[in-house]
Participant: 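After the structure tokens below, expect a handful of questions from me.
Residue numbering restarts at 1 for every chain, and letters A, B, ... go by the order of the sequence lines.
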Protein chains: 2
Amino acid sequence: MYIYILFEIMFTQSEENYLKAIFHLQQEVEGGVSTSGLSEKLKTKAASVTEMLKRLAGKKLVDYQKYYGVQLTDKGMQHALLIVRKHRLWEYFLVECLNFNWDEVHEVAEQLEHIRSPKLVEELDLFLGRPQYDPHGDPIPDTNGKLPKSPNKRLSQLQKGERGICKGFNDTSSSFLQFLAKQEIGLGTNLEVLNIESFDESMTVLIDKKEIPLSKTATDNIYVED
Amino acid sequence: MYIYILFEIMFTQSEENYLKAIFHLQQEVEGGVSTSGLSEKLKTKAASVTEMLKRLAGKKLVDYQKYYGVQLTDKGMQHALLIVRKHRLWEYFLVECLNFNWDEVHEVAEQLEHIRSPKLVEELDLFLGRPQYDPHGDPIPDTNGKLPKSPNKRLSQLQKGERGICKGFNDTSSSFLQFLAKQEIGLGTNLEVLNIESFDESMTVLIDKKEIPLSKTATDNIYVED
DNA sequence: ATAAATTATTAGGTTTACCTAAATTTTTAT
DNA sequence: ATAAAAATTTAGGTAAACCTAATAATTTAT
Ligand SMILES: [Mn+2]
Ligand SMILES: [Mn+2]
Ligand SMILES: [Mn+2]
Ligand SMILES: [Mn+2]
């Protein structure tokens, strides 16, 4: 019985990476997640993705319709949320305890998220003081997979003259995070929209008395609370 | 150039497990480490070991003589020491920070030791206060692979009437560690040899006013400082 | 409605890391 | 010294997770 449960819960690193990628892509577009989307996100070829999707479907982790993409089953969602939980808890640990910068944590968390030990996850959560958000402002699922509500207004959605507090980022690539650091934009940063160019939707934003120009691409990837 | 260095340093989990196993077996017996010894330690079949040894030899991590076992090269030793360092630092972390018992840490450390990130190791070491010994009393190699001198007298080497302080354990199997916990023997435990049976070399030891009988097998696996 | 372009799947290969069974070498016992 | 036993290696196979090239289905554009 115990063995049975272990088998049910054991997935390979690769399978877990796919589950997480599907989870993230699922939030961006509705309907099935495409083979090419996964292929791009995971930097593997489409043929490899197709193969893995068939395997995941066999394990009842996804519903897979040939040519029409995949969606996580409840079981798949549950495990994806565990991986996300672990990823974000470790990121928090790296920044809070080990002097990592927020743009250095991703690669290591990508490995640590696969460490298998229920006790480890729960104790780490406790040790860190049950944080709600990771260093990028992303919500950390609790033991049951429940997400605290995420800050979900984008900076690009603010009107001229509105103010907001930076609560998170969508793109967490190293280059974007380094760009943000250079502009001195971080979690908790206060900002005010001074102007919006109508032709390219770029903004001029007031941060700490400095006027910072930001492209639509940038403002789309910054979450704010107003 | 940078890529080249990365390739040189990247080994698979399996390769790392072999290197560590060879390292441990090398300390127990002199001469080459045998295929069967590795097979037993790693719970794989001898044929699999032979195959891996050829691969490791190809990567200059071991000197391998068909039919006569292997020994780590300098390069292999260096990497084995890094894995041991990581394993023991993580064990220390689990016990000191995450409320693990010393007999619960091994399995998780077995996974964590493979996380690749030079910064992580050094920062973890710093965060933990540069510990010298892991929760089992085993020495933690420093950044350069240097080991602090290990407590190396076995309880079985003490004479009748001698006293000692428990400094470490050789066998770190769950069953042995649980046995020790039951007898309330741990790091720092004071003990006195009350009697040694000549026929089987078993001992009666005084610990905290209780008389505890210990087999030769047990006393061989307990390190003491006198 | 067709053709072209795009996207996805299948077919066939590779490498790693296991396995079993058979063959070979070394060690031990007579 | 030879034979039996034990240890090791080789041969041949499997599954995971990738790949390229060829084929097929879907979507888009004319
Ligand atoms: Mn990962
Ligand atoms: Mn994050
Ligand atoms: Mn390991
Ligand atoms: Mn240990």
Side-chain angles (χ1 to χ4, degrees), chain A residues 7-22 25-26 28-71 76 79 83 110-111 113-114 116, chain B residues 7-22 25-26 28-71 76 79 83 110-111 113-114 116:
Chain A
F7 267 112
E8 285 286 299
I9 281 178
M10 293 264 274
F11 306 111
T12 66
Q13 285 205 197
S14 196
E15 286 169 341
E16 291 184 337
N17 285 335
Y18 274 86
L19 289 177
K20 188 160 63 98
I22 296 166
L25 291 173
Q26 220 170 238
E28 281 170 29
V29 277
E30 85 237 56
V33 170
S34 71
T35 300
S36 53
L38 283 165
S39 158
E40 192 186 347
K41 182 151 240 172
L42 294 164
K43 293 171 200 316
T44 55
K45 300 294 152 152
S48 308
V49 174
T50 300
E51 190 184 59
M52 178 60 94
L53 295 186
K54 285 193 272 187
R55 199 170 25 256
L56 293 176
K59 296 187 177 188
K60 309 278 185 216
L61 292 165
V62 298
D63 290 323
Y64 170 50
Q65 284 242 80
K66 246 189 190 187
Y67 292 104
Y68 295 91
V70 278
Q71 279 181 290
H79 198 74
I83 305 303
E110 204 56 49
Q111 299 174 58
E113 70 190 358
H114 304 290
R116 267 189 289 264
Chain B
F7 267 111
E8 286 287 298
I9 282 178
M10 294 264 274
F11 305 111
T12 66
Q13 284 204 200
S14 196
E15 286 168 342
E16 291 184 338
N17 285 336
Y18 273 87
L19 290 177
K20 188 159 63 96
I22 296 166
L25 290 173
Q26 219 169 239
E28 281 170 30
V29 277
E30 85 237 59
V33 170
S34 70
T35 301
S36 53
L38 283 165
S39 159
E40 192 186 348
K41 181 152 241 172
L42 295 164
K43 291 168 202 315
T44 55
K45 300 293 151 152
S48 309
V49 174
T50 300
E51 189 184 60
M52 178 60 93
L53 294 185
K54 285 194 271 187
R55 199 168 28 255
L56 294 176
K59 296 188 177 189
K60 309 278 184 217
L61 291 164
V62 298
D63 290 322
Y64 171 50
Q65 285 240 79
K66 247 189 189 187
Y67 292 103
Y68 296 89
V70 278
Q71 279 181 289
H79 198 74
I83 305 303
E110 204 56 49
Q111 298 174 58
E113 70 191 359
H114 304 290
R116 267 189 289 265

Participant: Taking OH from A:Y64 and P from D:dA25, how many angstroms apart are they, rounded to a whole number?
Facilitator: 13 Å
Participant: Can you tell me how far P of C:dT9 sits from CG of A:L56, to the nearest Å?
Facilitator: 13 Å
Participant: Quick one: A:F11 CZ to D:dA16 P, roughly how many Å, whole number?
Facilitator: 14 Å
Participant: Take nucleotides 17-28 of chain C nucleotide by nucleotide from the 5' end and write B, S or -, depending on whether a protein heavy atom sits under 4.0 Å from the base, only from the sugar-phosphate, or from neither.
Facilitator: BBBB---BSSS-
Participant: Go through the steps for B:Y64 and B:L56 under the test side chain to side chain contact (heavy atoms under 4.5 Å, CB included), then give the verdict.
Facilitator: CA-CA 9 Å; B:Y64 171 50; B:L56 294 176; over 6 Å; no
Participant: Quickly work out the A:E40 CD to C:dT6 P distance and round it to whole Å.
Facilitator: 15 Å
Participant: Should A:K54 be listed as having a side-chain N or O under 4.0 Å from OP1 or OP2 of C:dT10?
Facilitator: yes
Participant: Can you tell me if A:S36 touches the phosphate of C:dT6, counting only side-chain N or O atoms and a distance under 4.0 Å to OP1 or OP2?
Facilitator: no
Participant: Grab the CG-P distance between A:L53 and D:dC18 for me, whole Å please.
Facilitator: 12 Å
Participant: Scan A:H114, A:K20, A:K59 and name whichever one has a side chain to side chain donor-acceptor pair (under 3.5 Å) with A:E15.
Facilitator: A:K59
Participant: Taking the side chain as everything from C-beta on, heavy atoms only, tell me whether A:V62 gets closer than 4.5 Å to A:V33.
Facilitator: no
Participant: Are a donor atom and an acceptor atom from the side chains of A:S14 and A:T12 found within less than 3.5 Å of each other?
Facilitator: no
Participant: Is there a side-chain contact between B:L61 and B:F11 (heavy atoms, below 4.5 Å)?
Facilitator: yes
Participant: Without swapping roles, check the side chain of A:Q111 against the backbone of B:R116 for a donor-acceptor pair under 3.5 Å.
Facilitator: yes
Participant: Over how many whole Å does the gap from A:L38 atom CG to C:dT7 atom P extend?
Facilitator: 14 Å
